[in-house]
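One structure is given below, encoded as structure tokens.
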Amino acid sequence: MEEKSYQLAAVIPAAGSGSRLGAGMSKGLVPLAGRPLLWWAVTSLFTAENLVVLVVAAREEERETIRRVLEESLPRPLPVAVVPGGAERTDSVRHGLEWLAAWEGWWPGIRHLVAIHDAARPFLPRELWERLLTTALEEGAAVPGLPIVETVKRVDAEGKIAATVDRQGLWRVQTPQIFGFEDLLAAYRRAAELGLTATDDAQIYEWTGRPVRVIPGVWKNIKITTREDLALAEAILRGREENV
Ligand code: C5P
């Protein structure tokens with residue numbers, strides 16, 4: 001991997017409602033083994049040596065709590081910002097990117113990368129993170145994903161099958177997703193002008209016509225959405241402790 005020839009920033013959108021967990025707080029603050037999900041997500045990102053700045057988008061009423069979580073999770077000193085979240089994930093990420101656009105810590109003359117990572121993904125394995133970085137440096141943009149193995153149906157509002165979707169070539173993508181910072185910022189600005197939102201960052205970037213490399217993700221890099229996901233995350237942690 002290239003050393004010191006690039007700077008890496010991370011943006012974590014952590015302003016989602018977490019309503020499907022029924023926890024009465026945003027997902028990033030929901031505890032897993034006594035630590036908020038955001039703590040786990042931040043800790044896993046810090047294995048990247050060239051990570052130089054972290055921006056977290058938070059709901060207004062949770063900004064102070066999120067700041068405290070960050071203080072507890074940062075294993076080394078680093079510029080950190082907490083920016084306001086938005087109505088959609090796309091707005092939360094854009095606020096983070098705009099903060100980075102005004103950040104004065106970018107060094108001129110080297111590459112600037114940005115990784116966007118969900119607060120609700122506590123288990124980013126180091127080896128996946130390294131593969132993503134290597135790929136993004138080589139190819140410009142990298143996203144982890146897993147091929148869909150189930151049969152896929154489109155289901156109508158009455159719960160009846162409307163169509164069977166050919167699963168050939170269909171992947172479920174994860175985060176972190178890594179892009180050239182200036183390219184992703186431009187794509188987000190354009191999307192905002194057009195009033196477009198997306199459920200991931202690659203979709204915004206794809207609209208520029210640039211290619212995005214998808215590399216094999218790992219199933220453990222789950223996104224916590226429901227109580228069942230949380231139970232699965234607890235089981236993964238127990239397995240780690242028991243070393244199985
Ligand atoms: O809702 P979903 O599971 O897609 O959210 C993915 C990530 O985006 C979560 O970390 C969530 O906190 C964040 N998000 C956000 N602002 C929103 C909606 C979601 O920061 N308005």
Side-chain angles (χ1 to χ4, degrees), residues 9-32 35-46 51 53-70 73 80-100 114-124 128-129 132 143-146 148 171-179 184-185 187-189 191-192 195-206 217 219-233:
V11 174
I12 301 185
S17 70
S19 53
R20 280 169 291 181
L21 277 168
M25 61 182 87
S26 69
K27 262 199 283 190
L29 292 179
V30 170
L32 168 64
R35 304 273 198 190
L37 287 175
L38 177 65
W39 182 92
W40 293 93
V42 169
T43 307
S44 64
L45 287 179
F46 268 83
L51 182 64
V53 57
L54 172 67
V55 187
V56 178
R59 284 151 52 145
E60 188 54 43
E61 65 275 23
E62 292 180 342
R63 283 178 82 164
E64 281 317 307
T65 315
I66 292 228
R67 248 182 244 286
R68 275 200 302 279
V69 173
L70 292 174
S73 52
V80 169
V82 179
V83 300
E88 304 285 339
R89 182 188 185 282
T90 305
D91 303 313
S92 298
V93 173
R94 195 182 65 253
H95 294 171
L97 294 174
E98 288 295 351
W99 187 91
L100 282 173
V114 64
I116 319 291
H117 189 44
D118 289 332
R121 290 189 194 267
F123 305 129
L124 167 63
L128 173 58
W129 194 201
L132 279 164
V143 167
L146 293 170
I148 291 184
W171 291 56
R172 318 185 267 131
V173 296
Q174 309 176 330
T175 72
Q177 301 190 346
I178 311 182
F179 309 88
L184 188 67
L185 175 68
Y188 260 88
R189 285 180 172 168
L196 301 174
T197 59
T199 49
D200 81 341
D201 310 288
Q203 191 178 352
I204 305 265
Y205 186 86
E206 284 157 48
W219 75 267
K220 252 193 220 179
N221 186 25
I222 53 170
K223 183 168 81 166
I224 309 292
T225 305
T226 62
R227 303 238 43 111
E228 286 78 14
D229 298 331
L230 207 51
L232 178 60

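For ligands, and for the atoms within them, numbers begin at 1 and follow the listed sequence. Keep in mind that this is a model prediction, so the values were computed, not measured. Worth knowing before you read on, the calculation uses all heavy atoms, side chains too, and leaves out hydrogens, waters and symmetry mates.
Protein heavy atom closest to atom 6 (C) of ligand 1, with residue, atom name and distance, is Asp118 OD1, 3.6 Å. Protein heavy atom at the shortest distance from atom 14 (N) of ligand 1 is Gly16 N, 3.3 Å. When hydrogens are left out, the protein atom nearest atom 16 (N) of ligand 1 is Ser92 OG, 2.7 Å; that is the closest non-hydrogen contact. Closest protein heavy atom to atom 20 (O) of ligand 1: Ala15 N, 2.8 Å. In terms of protein heavy atoms, atom 17 (C) of ligand 1 is closest to Arg89 N, 3.5 Å. Counting protein heavy atoms only, atom 10 (O) of ligand 1 is closest to Pro13 O, 2.7 Å. For atom 1 (O) of ligand 1, the closest heavy atom belonging to the protein is Arg20 NH2, 4.1 Å.
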Under the side-chain contact (heavy atoms from CB on, under 4.5 Å) criterion, do Gln174 and Asp200 qualify, and how do the steps go? CA-CA 9 Å; Gln174 309 176 330; Asp200 81 341; over 6 Å; no

Intermediate values then yes/no, side chain to side chain donor-acceptor pair (under 3.5 Å), Glu62 and Ser26: CA-CA 8 Å; Glu62 292 180 342; Ser26 69; 2.6 Å; yes

From CA spacing to verdict: side-chain contact (heavy atoms from CB on, under 4.5 Å), Val42, Leu54: CA-CA 9 Å; Val42 169; Leu54 172 67; 4.1 Å; yes

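Residue Lys27 approaches ligand 1 through these ligand atoms, each under 4.0 Å from one of its heavy atoms: 2 (P), 3 (O). Taking a cut-off of under 4.0 Å to the non-hydrogen atoms of Ala120, the atoms of ligand 1 that pass are 10 (O). Residue-ligand proximity, Gly86 to ligand 1, at heavy-atom distances under 4.0 Å covers atoms 17 (C), 21 (N). Which parts of ligand 1 touch Ala119 is read off a 4.0 Å heavy-atom cut-off, strictly below it: atoms 10 (O).
Contact annotation for Lys223 and ligand 1: only side-chain heavy atoms (C-beta onward) come within less than 4.0 Å of the ligand. Of all the heavy atoms of Ala87, the ones lying under 4.0 Å from any atom of ligand 1 belong exclusively to the backbone.
For the side chain to side chain donor-acceptor pair (under 3.5 Å) with Arg89, the qualifying choice from Asp201, Thr197, Thr199 is Asp201, the only one to do so. Each of Thr175, Ile178, Leu132 was evaluated against Pro144; a single residue qualifies, Leu132, per the side-chain contact (heavy atoms from CB on, under 4.5 Å) test.
Under the 3.5 Å distance criterion, with hydrogens and angles disregarded, a donor-acceptor pair is assigned to the side chains of Glu228 and Thr226.
Separation of atoms NZ (Lys27) and CG (Asp118) is listed at 7.0 Å; rounding is to 0.5 Å. Distance check: Ile116 CD1 to Gln177 CD gives 8.5 Å after rounding to the nearest 0.5 Å.
Looking at Thr225 next to ligand 1, no N or O pair under 3.5 Å apart turns up. In terms of polar-atom proximity, defined here as any N/O pair under 3.5 Å, Ala57 makes no such contact with ligand 1.
Of the possible polar contacts, one joining the Trp40 side chain to the Leu32 backbone as a donor-acceptor pair under 3.5 Å is found.
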